[in-house]
Amino acid sequence: MSLDTLPAPNAYDAEPIPAAALAEVERILSTGDLFRYTSDKSPVTLLEDEFAAMIGSKYALAVSSCSAALFLSLKALDLPRDARVMIPGFTFAAVPSSIVHADCVPVLCECGDNYRIDLDDFAAKLPKVQAVIISHMRGHTSDMDAIMALCDAAGVPVIEDAAHSLGTTWSGRNIGTIGRIGCFSFQSYKLLNAGEGGIMITDDPDLIARAVIMSGAYEHNWKKHTVLHEALARWQNKLPLYNLRLNTLSAAIIRPQLDELPRRVRDGRRNHDHVAALLNASPWITVPEKLGPEVRAPDSIQFNLDDLTEAETETFVAGAAASGVKVQVFGQSADNARAFWNWQFLGDTPELPQTRAMLMRACDVRLPARLTLTECELIAQVLTDAAQSATADR
Ligand SMILES: *Cc1c(COP(=O)(O)O)cnc(C)c1O
């Protein structure tokens, strides 16, 4: 069968949860023990210990979402009200939202057409901020050597938003372990799927102790965390309780997926790099190069349309959709949560001309690790054909 006659693969369905989760879920349901602090060794605590060991950090705290982890990170840093927190202009709306939630003020930084932070704009804005959140959007890693050098010199703490970046490395180090705090998501579109959930990691005992208590370890529940009892005792009764804990069932669903991670990372990268090479053969499409120290863990692909008009861009998206491949141009919709001008809750959003220009031609296509190379070739073919037909009338 030729590629042309195959239907486009389903890029939306999740992978099944490993069967090992079922027995544990049944055990938990039979005991009704759903709250992390009713047992001494909850699956949530086990997940924290396993995740910290896997990623190479001292401490981990599992919470209800990555957004909750980002919020708790800002609270753990004890930033004053109205502190300015820099984020990339290209990120998910939940990131500026976590800053607003923490009574701080987001400062948006320009990004380049390779989706990464513009270091000139970053350096220019750094003297006026008290903290930085680096979103590794879709796993694209900004220059962490330059960012850490600038932030260390300025004494500004870095939180890594690695929600969608698990498995990526930078100079051999796991993303999320480079800044003071790293935050990850277990929402269904990320590499580990619990439906909802998140986790924060750090090597700083005082930061994690503050976050543990604020996540809802009321009274002496913090004693059920395996470490840190000295730091935790120091913060007893001193902090508000935001109750952002992770449900035990979610932890039971995530734990057996940790073993799947290397395979998901390997196959996702294989699929991405295969499709990237095919797309780059089109005169209308560019997949930006990754940075040198970065080894990526993608489950989707982003690429730029080169010199297509707005009408041609629309024709391209419609053509790909008609062949079964959904393309999202980040800036070409009135409600995309990754287009900064849609964050109207901020009041006046700043003008970021470079980031806006990138978002107007940057495309997003899902490319899950479970796809075969043949399925990936079909997706690449649909995209290059759609770009060719969209520009045929020139
Ligand atoms: C998904 C995502 C988030 C939010 O994660 P939740 O767990 O849904 O709160 C934040 N930042 C980035 C970059 C994301 O991709």
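Order of listing sets the numbers, starting from 1, for every ligand and every atom in it.
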Ligand-protein N/O pairs under 3.5 Å (ligand 1):
| residue | atom | partner | partner atom | Å |
| --- | --- | --- | --- | --- |
| ligand 1 | 7 (O) | Cys66 | N | 2.9 |
| ligand 1 | 7 (O) | Ser185 | OG | 2.7 |
| ligand 1 | 9 (O) | Cys66 | N | 3.4 |
| ligand 1 | 9 (O) | Ser67 | N | 2.9 |
| ligand 1 | 9 (O) | Ser67 | OG | 2.6 |
| ligand 1 | 11 (N) | Asp161 | OD1 | 3.2 |
| ligand 1 | 11 (N) | Asp161 | OD2 | 2.8 |
| ligand 1 | 15 (O) | Lys190 | NZ | 2.7 |

Q) Just wondering, are more than 12 heavy atoms of other shown residues or ligands nearer than 6.0 Å to CD in Gln354? A) yes

Q | All pairs passing salt bridge (Lys or Arg N to Asp or Glu O under 4.0 Å) where residues 132-153 contributes a residue, at least two apart | A | Arg138-Asp364

Q: May I ask you to check whether His220 and Tyr37 place their ring centres under 6.0 Å from each other?
A: no

Q: Measure from NZ or CZ of Arg366 to the centre of the six-membered ring of Tyr12, then state whether that distance is under 6.0 Å and the direction lies within 45° of the axis.
A: yes

(Q) With heavy-atom distances below 4.5 Å as the criterion, would you say the side chains of Leu383 and Phe316 are in contact? (A) yes

(Q) Working note: Ser65 + Glu196, criterion side-chain hydrogen bond (donor to acceptor under 3.5 Å, both in side chains); need CA distance, chi angles, decisive distance, verdict. (A) CA-CA 6 Å; Ser65 68; Glu196 304 280 2; over 6 Å; no

